[in-house]
Amino acid sequence: MLGRAFGVLNCFSVDRPRQTQSDLSRRTGLPLPTVHRLCAQLVEQGALVRGADGRYEIGVRLWELGALAPRAHGLRQVAMPYLEDLYEATHENVQLVVREGTEALYIERISARGAVAVVGRAGGRLPLHASSGGLVLLAHGGPDLLDAVLAAGLERFTPSTITTEHRLRQVLDEIRRTGFVVCREHLNLGTLAVAAPILRRTGAVVASISVVVGVAEDPAPLVPALRAAALGISRGLA
């Protein structure tokens, strides 16, 4: 029953935030009466909310529970002052990223109203090879992770997205050598992203921090500020 309930919840996404019972039945392969019963129980527990039109959306109770996850909560708590300082210095998009499988999971993002538009959002996921924060995590994720990413295929988002194994290995080597990465329009046209790793005391990379600005911006002034913020967060975790 728990697996079926999560099957229903996993049907919701950024592209499908509101769904009917028929939608859920079709996507899960569960009979409509089963979906009806599961939805009623999930609504009762606050995991789903049923609108006046009969469509369902994710309830705030799931957000409350997710906010308690130690991996995200502890990291975010330590990182927020540094993210805010970095935001005040740039007034652009500042992001905190962790790895979840072969994807980059964005657990925090601060941006100004006039900041350059980006694909990533807090709570969203992106491929490791296409995002600056993801590339940093991939560079320190070991050979098995790289093999899994290559096996899944390197999806192209823009003409500048890394789509070959040779180029990807070059970039990952450079990240390990310099301690940061600069991505010009890898994920969004018109954007430039800079990212650096966050480390635990053991030296293991547990997250990354990134700044996304307009592609015409000079990344050189961003690198020292970004690396200082990453170092501050790393020390806070230690």
Side-chain angles (χ1 to χ4, degrees), residues 1-84 87 91-128 130-131 133-134 137 152 155 157 187-188 191 206-210 212:
M1 183 62 73
L2 184 60
R4 290 180 175 183
F6 269 94
V8 168
L9 295 173
N10 286 333
C11 290
F12 293 86
S13 67
V14 176
D15 298 326
R16 301 190 299 266
R18 304 182 75 246
Q19 300 192 58
T20 65
Q21 288 187 9
S22 296
D23 294 333
L24 296 170
S25 176
R26 184 173 64 255
R27 292 192 170 102
T28 60
L30 296 172
L32 195 56
T34 301
V35 170
H36 175 78
R37 183 170 63 255
L38 288 170
C39 286
Q41 293 172 344
L42 290 169
V43 167
E44 183 179 350
Q45 297 299 322
L48 288 180
V49 175
R50 187 175 188 270
D53 61 356
R55 294 179 181 272
Y56 293 86
E57 58 187 21
I58 294 294
V60 71
R61 181 57 181 154
L62 288 183
W63 176 83
E64 292 175 324
L65 292 173
L68 297 175
R71 183 182 177 201
H73 176 70
L75 174 60
R76 183 181 178 277
Q77 192 173 37
V78 171
M80 278 307 295
Y82 298 96
L83 297 179
E84 290 167 352
Y87 166 77
H91 287 285
E92 286 286 356
N93 303 281
V94 177
Q95 303 173 136
L96 182 64
V97 188
V98 297
R99 182 174 68 84
E100 189 70 20
T102 58
E103 294 178 306
L105 174 62
Y106 290 72
I107 62 174
E108 186 56 74
R109 178 178 162 217
I110 307 175
S111 62
R113 180 175 298 177
V116 63
V118 296
V119 172
R121 63 174 184 83
R125 298 169 182 249
L126 289 170
L128 292 174
S131 57
L137 297 172
E155 181 181 355
F157 292 86
L187 190 61
N188 306 81
T191 65
V206 294
S208 62
I209 183 173
S210 65
V212 185

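Remember, it's a predicted structure, so these values are computed and weren't measured experimentally.
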Q: Determine, step by step, whether Val94 and Glu108 satisfy the side-chain contact (heavy atoms from CB on, under 4.5 Å) criterion, reporting the C-alpha distance in whole Å, the side-chain angles of both residues, the deciding distance to 0.1 Å, and the verdict.
A: CA-CA 8 Å; Val94 177; Glu108 186 56 74; over 6 Å; no
(Q) Under the criterion side-chain contact (heavy atoms from CB on, under 4.5 Å), I'd like the reasoning laid out for Leu30 against Leu38: C-alpha separation, chi angles, the key distance, then a yes or no. (A) CA-CA 10 Å; Leu30 296 172; Leu38 288 170; 3.9 Å; yes
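Atoms OG and CD, from Ser25 and Gln19 in turn, are 11.5 Å apart once rounded to the nearest 0.5 Å. For the atom pair Leu126 CG and Glu155 CD, the distance stands at 10.0 Å (nearest 0.5 Å). With rounding to the nearest 0.5 angstrom, the CD atom of Glu100 is 10.5 Å from the CG atom of Leu128. Atoms CG and CD1, on Leu83 and Ile209 in that order, are 4.5 Å from each other to the nearest 0.5 Å.
Ser210 has its side chain within reach of Gln95: a pair of non-hydrogen atoms, C-beta onward, lies under 4.5 Å apart. Met80 is listed as a side-chain neighbour of Ile110, based on a closest heavy-atom distance under 4.5 Å. Using a 4.5 Å heavy-atom cutoff, the side chains of Thr34 and Thr28 are not in contact. Between Phe12 and Leu48 there is a side-chain heavy-atom pair separated by less than 4.5 Å. Leu24 places a side-chain heavy atom less than 4.5 Å from the side chain of Cys39.
Listed by chain and number, the residues in a side chain to side chain contact (heavy atoms under 4.5 Å, CB included) with Ser111 are Asn93, Arg109, Ala115 (sequence neighbours excluded). Judged as a salt bridge (Lys or Arg N to Asp or Glu O under 4.0 Å), and not counting sequence neighbours, Glu84 has no contacts. Qualifying side chain to side chain donor-acceptor pair (under 3.5 Å) partners for Arg55, counting only residues two or more places apart in sequence or in other chains: none. With sequence neighbours excluded, no residue forms a side chain to side chain donor-acceptor pair (under 3.5 Å) with Asn10. In terms of the side chain to side chain contact (heavy atoms under 4.5 Å, CB included) criterion, Ala152 has no residue partners (sequence neighbours excluded). A search for salt bridge (Lys or Arg N to Asp or Glu O under 4.0 Å) contacts involving Arg50 returns nothing, not counting sequence neighbours. With sequence neighbours excluded, the residues that form a side chain to side chain donor-acceptor pair (under 3.5 Å) with Thr20 are Asp23. By the side chain to side chain contact (heavy atoms under 4.5 Å, CB included) test, Pro33 pairs with Pro31, sequence neighbours left out. Residues satisfying the ring pair (Phe, Tyr, Trp, His ring centres under 6.0 Å) criterion with Tyr87, sequence neighbours excluded, are His91. With sequence neighbours excluded, no residue forms a side chain to side chain donor-acceptor pair (under 3.5 Å) with Ser208.
Residues Leu137 and Val206 share a closest heavy-atom pair of CD2-C, 4.5 Å. Between Arg18 and Asp53, the shortest heavy-atom contact is NH2-OD1, 3.0 Å. Val98 and Ala207 get closest at one heavy-atom pair: CG1-CB, 3.9 Å. Taking both residues in full, the closest heavy atoms of Leu187 and Ser131 are given as CD2-CB, 4.4 Å, listed atom of the first, atom of the second, then distance. The two atoms that bring Val97 and Ala104 nearest to each other are CG1-CB, 3.6 Å, heavy atoms only.
Put simply, the residue from Leu75, Leu105, Val78 that forms a side-chain contact (heavy atoms from CB on, under 4.5 Å) with Leu96 is Leu75.
The stretch residues 27-36 participates, sequence neighbours left out, in no salt bridge (charged side-chain N to carboxylate O under 4.0 Å, His left out) pair at all. Applying the side-chain hydrogen bond (donor to acceptor under 3.5 Å, both in side chains) test to residues at least two apart or on different chains, the pairs with a partner in residues 36-49 are Gln21-His36.
For Arg4, the CZ atom is loosely surrounded, since the number of other residues' heavy atoms within 6.0 Å does not exceed 12.
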